[in-house]
Amino acid sequence: MSGFLSRLRMKMQAKRSVESFYSLMEADFDDIWDIEVNNNLLVALSLWLSKKSDYGENIECLSEAERVFYTVTILEQEVNNGGFEQFFYNDSGSLSGAVVSSYSAIGAETAAEICAKAINSFPVGIPENRIERDEVLDSVFTDEISSILQQCDTEFYSCADDLVELSYRYIMANRAMFTR
């Protein structure tokens, strides 16, 4: 019986997590600021900015502060999901030129250094345009670069910067720049 109850509890927790995510996804902009758990506020705001910018297709519509937060959020999602290599090769790679300054802007200097190391592992600049970027990355990608990126992944996963707290402080300090 305890195995059944344990599985039932796990299913109920999973359902609550999914429902919680959907409520954050559907949060109205004004309601985001009333979210009491910092990480949940960050998730809701990130989802709002994704929708506002057509999932990065129209990033120009974001204010400077919104772009900074959006950039660090996208990099974290990509690296946590598949590493720096995934970040560079996906649409998110168009943000490569902004990640170091974005992490510096929120006060995450260690994360900024790790990002710089990943970017500098390529002997050429990383184009913003995805087709050009794929061609360039494919032409220069080596086992050595792969090794450096894997090392950057490991360093990022154990980064000493408290990215949730730093992001939260940055948002609150620049709250007026976050708009509908």
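Residue numbers count from 1 along this sequence.
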Using 0.5 Å steps for rounding, measure from the CD1 atom of Ile106 to the CZ atom of Phe69. 8.5 Å
Quick one: do Ile35 and Met172 end up in the same hydrophobic cluster if we chain Ile, Leu, Val, Met, Phe, Trp and Tyr together by side-chain heavy atoms under 4.5 Å apart? yes
Could you check Asp138 against Tyr89 for side chain to side chain donor-acceptor pair (under 3.5 Å), going step by step and ending with a plain yes or no? CA-CA 9 Å; Asp138 287 345; Tyr89 273 100; 2.9 Å; yes
Taking Glu165 first and then Arg169, would you say they form a salt bridge - that is, a charged N and a carboxylate O separated by under 4.0 Å? yes
Please check: side-chain N/O of Asp161 versus main-chain N/O of Leu163, any donor-acceptor pairing under 3.5 Å? no
Salt-bridged, Glu66 to Lys52, with N to O below 4.0 Å? yes
Could you go step by step and tell me if Gln151 and Thr154 meet the side-chain contact (heavy atoms from CB on, under 4.5 Å) rule? CA-CA 5 Å; Gln151 182 181 29; Thr154 301; 5.7 Å; no
With distance as the sole test, does Asn81 use its side chain to make a donor-acceptor pair with the main-chain N or O of Gln77 at under 3.5 Å? no
With distance as the sole test, does Arg133 use its side chain to make a donor-acceptor pair with the main-chain N or O of Ile126 at under 3.5 Å? no
Hey, do the aromatic rings of Phe29 and Phe178 have their centres closer than 6.0 Å? no
How many angstroms lie between atom OG of Ser46 and atom CE of Met25, to the nearest 0.5 angstrom? 12.0 Å
Phe84 and Ser121: side-chain contact (heavy atoms from CB on, under 4.5 Å), yes or no, with the steps? CA-CA 11 Å; Phe84 277 96; Ser121 70; over 6 Å; no
Does any non-hydrogen side-chain atom of Tyr103 lie less than 4.5 Å from one of Thr71? no
